[in-house]
Trainee: 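One structure follows; several queries about it will come next.
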Amino acid sequence: MERPVLVCGLGRVGWRVFDSLRAAGLSVVVVDTHLDPDDPRLAGVKAVKGDCREASVLERAGVQNTRGVLILTSDDLVNISTALRVRSLNSEVRVVVRMFNQNLIARFGSAVKNTVALSVSGLTAPVLALTAATGDAIGAFKLQSGPQQVSELVVTTESEIAGRTVREVAALHRFIPVALLRRTTPPLLLDIPGDTALSPGDRLIVTGAPANLRPLLARSRGEILAGVRWAGAVRRWVRTARRTLAEVDLSVKIITPVLFFTLLGSTLIFRYGLKTNWGDGLYNTVSIAAAGSELHGEDQPEWAKIFLSVLSLAGAALVAGFTAILTNYLIRARLGGALEVRRVPDGGHVVVCGLGNVGFRAVEELVALGERVVAIDRTNDNPFIATCRRKGVPTFVGDATIAETLRQARADTAKAVIASSSSELANLEIAMLVKEFNPKSRVVVRLADPQFAQAVRDSADIKYAVSIPTLAAPAFAAALFGDRVQTLITVAGHTLALIEFVVQENDPCLAGKSLRAASIDYRFLTVAIGDREPGAIPGHRLQPADRITAFMALPDLERLLRREAVPQDRTVEVREFLVTARDALILMVRTSRHCDHEQAEAVLATTPFTIADGLSKGEAEVLLAHLERERVTARLV
């Protein structure tokens with residue numbers, strides 16, 4: 001009987017992980033403190049109500065006989081305590097722990113054996129960033145060559161890829177096709193014939209570098225994504241001065257010119273009325289107005305004495321008022337935000353609203369992708385603000401639900417806006433405001449409830465409303481299979497895992513086998529071999545230490561991890577061949593039958609003949625493809 005997976009904690013993330021496991025066909029046992037026995041989602045599932053930190057509760061759930069434990073509560077201390085308790089009850093079971101504290105994630109996983117700690121923000125931020133940067137991302141992962149994304153291309157009548165073959169489009173835009181979904185035929189997964197022509201209405205799931213997919217995704221949706229626009233130096237400084245003045249309080253705007261014109265008028269009176277030079281006139285004005293100094297000399301005319309008295313009184317009042325108002329303005333720390341405006345692009349950037357765990361990770365991913373980013377957060381004491389500024393990201397303190405704050409960050413001309421605050425209502429309000437500025441703007445909205453996210457997408461015309469638990473759940477499920485599984489994606493109801501495996505020395509199933517034959521036998525789609533693309537090394541034979549990154553279905557993944565032997569029951573029979581293929585056939589017969597030239601000649605004389613037997617399905621198909629290139633008619637027996 002298959003051993004079940006134990007899930008501890010059925011919160012928002014827990015339920016989504018539970019659904020992912022069930023969709024993958026795995027048996028599940030759940031533990032939660034607030035279980036409802038009548039919940040229809042638990043039909044047919046063993047459920048234990050209680051505190052997952054207690055040994056008795058875990059024992060009732062069968063922790064000693066599980067294939068893996070997922071601990072998914074929203075409390076780091078509860079999760080760590082449960083993980084240690086599970087390890088004491090079962091020293092070999094794999095444990096996957098949800099954790100918020102970024103500093104503990106790597107340390108806890110390395111300190112407790114066979115344990116993986118994952119962060120929801122760390123898992124979902126790359127998808128949010130790629131969605132904002134490119135317009136779509138079903139999933140995201142990283143290779144040695146850089147970040148990659150999985151996206152969906154919709155073929156329309158006006159699309160540039162309509163009528164072209166899958167092979168042609170993939171070579172032109174440097175992506176790897178993962179699945180082809182059509183309305184009238186079953187989906188083609190992982191192994192799509194390259195000569196398949198794309199028709200309007202087809203949906204092609206592809207994976208590749210964001211830089212390669214971005215223009216194609218934009219054109220397929222009719223979008224024109226502007227690059228970052230920077231004004232000239234003069235315009236930028238004028239814009240900075242204008243926006244800085246717009247940020248200044250009205251009282252400061254009033255008293256500053258009054259003080260300036262008072263000083264100017266007094267200097268003119270000294271220059272032309274009392275016949276001083278310009279320097280003495282300005283010095284006397286400032287001395288009397290700011291310091292209350294006296295102008296010595298009894299020979300001054302009567303009007304000058306009156307003027308000096310008025311200047312002394314008015315200057316003292318103006319200087320004191322100006323100092324008080326300006327100090328109050330600076331204490332409220334608005335000048336820093338005003339000066340921050342200078343570094344905001346005119347357009348083509350990405351605005352991130354809300355610098356929590358998810359928002360800050362999204363900023364990091366966008367910076368890594370080379371995007372220009374502007375951030376907004378409403379709390380001045382958020383430690384992520386200083387970190388963002390050190391990364392060169394202009395960061396404003398303000399409420400992003402206020403239109404003026406969004407305009408300050410130029411959200412109206414931004415390429416995309418990510419609403420990633422912890423308040424779903426605020427995120428929705430931000431999205432509505434941005435849509436008012438620019439109805440075609442790309443807005444990525446962070447939500448929790450997947451049903452609410454779907455309703456927002458359907459009814460509010462906000463296409464990129466995403467459920468964070470839904471995005472994170474597949475990665476937690478994937479972690480059960482080991483560090484080699486980076487993520488899971490769902491395509492047409494099928495769960496596909498992105499795996500990374502290494503060919504071992506003396507591997508009986510993989511070492512020395514052609515990559516194409518192995519991919520057919522174990523049904524996987526190669527994405528990379530180390531840091532190389534599979535297309536760069538055609539006909540590659542697997543060697544020890546080769547690191548393969550590939551997509552495959554979960555049942556096939558288990559076969560591969562167990563290195564389950566494939567049937568060697570295929571035979572290839574040659575029916576007919578041209579004279580030009582004779583030399584190539586003789587070489588193949590000699591290699592497969594270990595015979596000399598004369599014996600191979602005799603075999604070819606008895607057409608039809610068996611060129612090779614005892615082959616796996618993959619080896620047989622690779623041989624058939626090779627014979628076809630030599631224009632040899634052959635069949636698989």
Side-chain angles (χ1 to χ4, degrees), residues 130 133-141 143 145-225 489 491-492 494 496 498 514-520 523-529 531-540 548-552 618 621-632:
L130 285 170
T134 65
D136 185 30
I138 297 173
F141 58 96
L143 298 176
S145 57
Q148 306 285 302
Q149 72 180 80
V150 185
S151 296
E152 179 183 284
L153 288 173
V154 180
V155 184
T156 62
T157 307
E158 299 80 15
S159 175
E160 65 182 79
I161 63 176
R164 293 189 174 186
T165 65
V166 173
R167 182 184 296 109
E168 182 183 359
V169 176
L172 181 63
H173 296 281
R174 298 186 61 189
F175 63 69
I176 297 174
V178 177
L180 178 60
L181 312 180
R182 291 181 151 170
R183 296 174 182 173
T184 57
T185 60
L188 296 173
L189 301 176
L190 302 180
D191 194 10
I192 305 171
D195 57 357
T196 303
L198 296 172
S199 305
D202 289 350
R203 292 183 294 144
L204 187 62
I205 310 300
V206 301
T207 180
N212 296 335
L213 295 180
R214 184 180 306 160
L216 186 58
L217 288 168
R219 290 195 294 271
S220 71
R221 290 168 175 78
E223 299 175 353
I224 300 177
L225 299 181
I489 63 171
V491 177
H494 298 266
L496 304 178
L498 181 75
S514 79
L515 176 62
R516 176 61 181 161
S519 66
I520 294 173
R523 294 198 289 271
F524 63 79
L525 173 67
T526 305
V527 174
I529 307 171
D531 59 351
R532 300 165 296 177
E533 296 180 2
I537 41 178
H540 178 74
I548 311 298
T549 305
F551 278 107
M552 64 191 314
E621 291 197 13
V622 169
L623 179 56
L624 282 172
H626 184 55
L627 291 171
E628 184 179 347
R629 288 194 296 271
E630 297 289 344
R631 297 187 179 181
V632 175

Trainee: Considering non-hydrogen atoms only, spot the tightest contact between M552 and R523 and give its length.
Mentor: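 Scanning both residues completely, I find the closest heavy atoms to be CB-O, 3.5 Å.
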
Trainee: Is the backbone of A528 close enough, under 3.5 Å, to the side chain of T526 for a donor and an acceptor to pair up by distance?
Mentor: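 Not confirmed, T526 side chain does not pair with A528 backbone.
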
Trainee: Partners of E168 by salt bridge (charged side-chain N to carboxylate O under 4.0 Å, His left out), sequence neighbours excluded?
Mentor: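 With neighbours one apart ignored, the set is R164.
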
Trainee: Distance check, rounded to the nearest 0.5 Å: S514 atom OG versus E621 atom CD?
Mentor: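 So the OG of S514 and the CD of E621 are separated by 11.0 Å.
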
Trainee: For S519, which residues count as a side chain to side chain contact (heavy atoms under 4.5 Å, CB included) partner, sequence neighbours excluded?
Mentor: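 By the side chain to side chain contact (heavy atoms under 4.5 Å, CB included) rule, S519 matches R516, F524.
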
Trainee: Mind checking the CG-NE2 spacing from L515 to H540? Nearest 0.5 Å is all I need.
Mentor: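 The distance works out to 6.5 Å.
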
Trainee: Could you grab the distance from atom CG of L181 to atom CG of L153, nearest 0.5 Å is fine?
Mentor: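 Reported to 0.5 Å precision, the distance equals 11.5 Å.
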
Trainee: Residues two or more places apart in sequence or in another chain: which of them pass salt bridge (charged side-chain N to carboxylate O under 4.0 Å, His left out) with E630?
Mentor: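 For E630 there are no salt bridge (charged side-chain N to carboxylate O under 4.0 Å, His left out) partners, ignoring immediate neighbours.
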
Trainee: Quick one: list whatever passes side-chain hydrogen bond (donor to acceptor under 3.5 Å, both in side chains) with R174, sequence neighbours left out.
Mentor: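 Scan of R174 (side-chain hydrogen bond (donor to acceptor under 3.5 Å, both in side chains), adjacent residues dropped) gives E533.
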
Trainee: Can I get a per-line list of side-chain donor-acceptor pairs under 3.5 Å for residues 203-213, giving both atom names and the distance, sequence neighbours left out?
Mentor:
{"unit_1": "R203", "atom_1": "NH1", "unit_2": "E152", "atom_2": "OE1", "d": "3.2"}
{"unit_1": "T207", "atom_1": "OG1", "unit_2": "Q149", "atom_2": "O", "d": "3.2"}

Trainee: Considering only distance and modelled atom types, tabulate donor-acceptor pairs under 3.5 Å from the side chains of residues 186-202, sequence neighbours left out.
Mentor:
{"unit_1": "T196", "atom_1": "OG1", "unit_2": "P193", "atom_2": "O", "d": "2.9"}
{"unit_1": "D202", "atom_1": "OD1", "unit_2": "R182", "atom_2": "NE", "d": "3.3"}
{"unit_1": "D202", "atom_1": "OD2", "unit_2": "R182", "atom_2": "NE", "d": "3.0"}
{"unit_1": "D202", "atom_1": "OD2", "unit_2": "R182", "atom_2": "NH2", "d": "3.2"}
{"unit_1": "D202", "atom_1": "OD2", "unit_2": "S199", "atom_2": "N", "d": "2.8"}

Trainee: Show, in sequence, the C-alpha distance, side-chain angles and deciding distance for F551 and I176, and conclude whether the side chain to side chain contact (heavy atoms under 4.5 Å, CB included) test is met.
Mentor: CA-CA 11 Å; F551 278 107; I176 297 174; over 6 Å; no

Trainee: Please check if the number of heavy atoms outside E628 that lie under 6.0 Å from its CD is greater than 12.
Mentor: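 Incorrect, the count does not exceed 12.
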
